[in-house]
Amino acid sequence: MIPAPTVAIFNEDGSTALGVLRGVAALAISDVFNDMGSMTLAAPKDIEGMQHLLVNADRQVRVRLPGCPDQWFLGDSEDLTYISDDPASENVSLTFRSLAGVLDEAKVVPFGGVGATPAEWAFTTDTPGKIVKDLFDALQALGFLQGITLVGNAT
């Protein structure tokens with residue numbers, strides 16, 4: 001038997017736990033180049049925890065499966081679809097992007113900037129690990145990637 005995932009819901013920057021989704025009708029996680037790309041889940045509208053997702057606010061979601069590392073996703077409040085006609089227990093389908101995918105969208109501007117866009121850091125002698133750590137730290141300072149730890153060294 002495949003164990004059920006635990007889906008914990010956090011506020012938009014992941015700093016505050018809001019609740020746990022008490023059941024899902026369907027859950028799919030896609031792979032993109034051996035990394036988590038996105039997640040789609042469907043759950044009844046009236047199930048405990050769904051009230052935290054059916055709001056006009058972005059949410060971070062942590063999915064736990066036994067034997068797997070925690071998987072983090074970011075949900076946009078506009079990415080939901082109602083998929084039945086029963087208002088009380090209607091299934092809602094939600095789509096989330098992986099936080100790894102959000103990091104993939106980070107843009108590194110080279111030393112000296114690009115056109116009128118200045119560079120905030122000069123990565124002329126830093127190692128790739130140091131560059132990732134600097135970007136990770138900057139995102140955490142802005143309130144993103146809360147509750148996530150970057151492991152390894154900066155070499």
So do [Y] and [X] actually touch side chain to side chain, heavy atoms under 4.5 Å?
X: Gln51; Y: Asp46; result: no
X: Thr40; Y: Phe96; result: no
X: Val55; Y: Leu53; result: no
X: Arg59; Y: Glu12; result: yes

Any chance you could measure [X], atom [atom1], to [Y], atom [atom2], to the nearest 0.5 Å?
X: Thr6; Y: Leu21; atom1: OG1; atom2: CG; result: 10.0 Å
X: Met50; Y: Ile9; atom1: CE; atom2: CD1; result: 7.5 Å
X: Leu41; Y: Thr95; atom1: CG; atom2: OG1; result: 8.5 Å

side-chain hydrogen bond (donor to acceptor under 3.5 Å, both in side chains) with [X]: which residues, sequence neighbours excluded?
X: Thr16; value: none
X: Asn11; value: Asp13, Ser15
X: Arg22; value: none

Could you check Lys45 against Leu54 for side chain to side chain contact (heavy atoms under 4.5 Å, CB included), going step by step and ending with a plain yes or no? CA-CA 8 Å; Lys45 183 170 72 174; Leu54 300 179; 3.5 Å; yes
Between Ser30 (side chain only) and Ser38 (backbone N and O only), is there a donor and an acceptor less than 3.5 Å apart?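 Yes; at least one donor-acceptor contact below 3.5 Å.
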So, Arg64 side chain and Pro5 main chain: donor-acceptor pair closer than 3.5 Å or not?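 Absent.
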Show every ring-ring contact (aromatic ring centres under 6.0 Å, His included) that has at least one partner inside residues 4-25, sequence neighbours left out.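 Those involving residues 4-25 are Phe10-Trp72.
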Which heavy atom of Ala25 sits nearest a heavy atom of Asn91, and at what distance?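 Minimum heavy-atom contact is CB-ND2, 3.8 Å.
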For a quick test of reading the model, state the closest non-hydrogen atom pair linking Ala43 to Ile47 and the distance between them.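 Heavy atoms only, the tightest pair is CB-CG2, 4.3 Å.
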Would you say Leu27 and Val20 are hydrophobically clustered, going by side-chain heavy atoms of ILVMFWY under 4.5 Å?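 No: no chain of side-chain contacts under 4.5 Å links Leu27 to Val20.
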